[in-house]
Amino acid sequence: MVTEILEGVYWVGVVDWALRHFHGHELSTPRGSTYNSYLIADEKTALVDTVWGPFAEDFLANVRDVVDPAAIDVVVANHAEPDHSGGLPALMRHCPEATVVVSKRGAESIPGHYHEDWNLQVVGTGDTISLGRHELVFVEAPMLHWPDSMFTYVTGKNLLLPNDAFGQHYATDRRFNDEVDEHALFEEALRYYANILTPFSDLVLQKIEEVLALGLPVDMIGPSHGVIWRENPLQIVEKYREWAAQRGERRAVVLYDTMWHATRHMAEAVGAGLAAEGVPFKIFYAPLSDRNAVLTEIFQARALVVGSPTVNRGYISTLGTYMEDLRGLGFKNKVAAAFGSYGWSGEAVKAVEEHLARCKFDVVGPGVRAKWQPTADDLAACEELGRKVARAVAATEEGT
Ligand code: FEO
């Protein structure tokens, strides 16, 4: 279903209602997603980004609703990840002489994915291509989301097409931010930021300042996933500024696994200590929680307390994926602690503490270990650990 988003500018993307996992099974997408493609009809016809390969024919049908694909002169590939470039082979069979516009790193990644002899034009920040009445202006945006990523700006329409930046995995029959549930929209925008863009937060801040310094008026932001920011489009830019600063909120996440409920009882005692000092908390049982939802909660919180029984002289394997995510995502400004039950050797708490310290969490040790089922003293120690974490959270607030 094509939408003319501005006079002569068409959304010709597709909605993937069924998507529940993205990046293989790395990221959960409970609300599906969209792959947004934008067609600009001027003296020349330009298309900015395509869709994931399995949707190429639906995408071509949308393009045909506006123009004959053979009439496309310029195809901009802002980013080579297949959710945006996967429609290129099918499209280029119709317009083999079209110019494919890529960033410098895109000149590696697009041929690397498709091994086709397309007419590539490499652009950098500030380069332009005239379509007639409008120009395309390019801004390199490395690491938002890959080294090859770039933004395309359409003059005269004041339209910024920043690819993955400002996007959301959010399938909807609406195309604009002012037409959808605001809570769901920001929940998905935050989930996207926390799980994908957090490691590049410093670059996000730099890029926002760089784009604003160009002085280009922005009336609309069309990301490559989810809805288009039409009403107050810069609100998502402000949100990115806030998220990139990673200040967090006065709350805590308690994440645990348990074999015989000993560590669960300890988790609840830690929560009691947090609550006693006025820090709201949520407890997540790792094996049955949506990992990306938990990571989003950790992103928003100022404290993480991890509970694990000792298994095979270390922490339990269900926490391993989380530990790897905490390493890779590089969360900042968070305090942490660990606790757990053990039967014989009891290494889990130390292993968790050492890992979190390597991930640059401010570990308020020593953690609490309980042999077998926790005693009343063990649970009191867990509650005191929660209080200690809460006081450390308060100290970070005083420092801000
Ligand atoms: Fe939406 Fe980095 O791809």
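Note that the structure is a prediction, hence the values are computed from the model and not measured. All ligand and atom numbering here is 1-based and tracks the order in the structure.
Checked against atom 1 (Fe) of ligand 1, the N, O or S atom of His225 at the shortest distance is NE2.
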As a quick check of understanding, evaluate salt bridge (Lys or Arg N to Asp or Glu O under 4.0 Å) for Glu140 and Arg105, giving each step before the final call. CA-CA 10 Å; Glu140 292 162 278; Arg105 303 304 298 273; over 6 Å; no
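The side-chain tip of Arg369 points at the ring of Tyr342 from less than 6.0 angstrom away and within 45° of straight on.
Residues meeting the side-chain hydrogen bond (donor to acceptor under 3.5 Å, both in side chains) test with Asp219, sequence neighbours left out: Asn158. Not a single ring-ring contact (aromatic ring centres under 6.0 Å, His included) links Phe176 to another residue, sequence neighbours left out. Scanning for ring-ring contact (aromatic ring centres under 6.0 Å, His included) contacts around His261 gives an empty result, with sequence neighbours left out.
Classified by interplanar angle (parallel below 30°, tilted 30° to 60°, perpendicular above 60°), the ring pair His225/Phe22 is perpendicular.
Excluding water, every protein N/O/S atom under 2.8 Å from atom 2 (Fe) of ligand 1 is given here by residue and atom: His79 NE2, Glu81 OE1, His145 ND1, Asp164 OD2.
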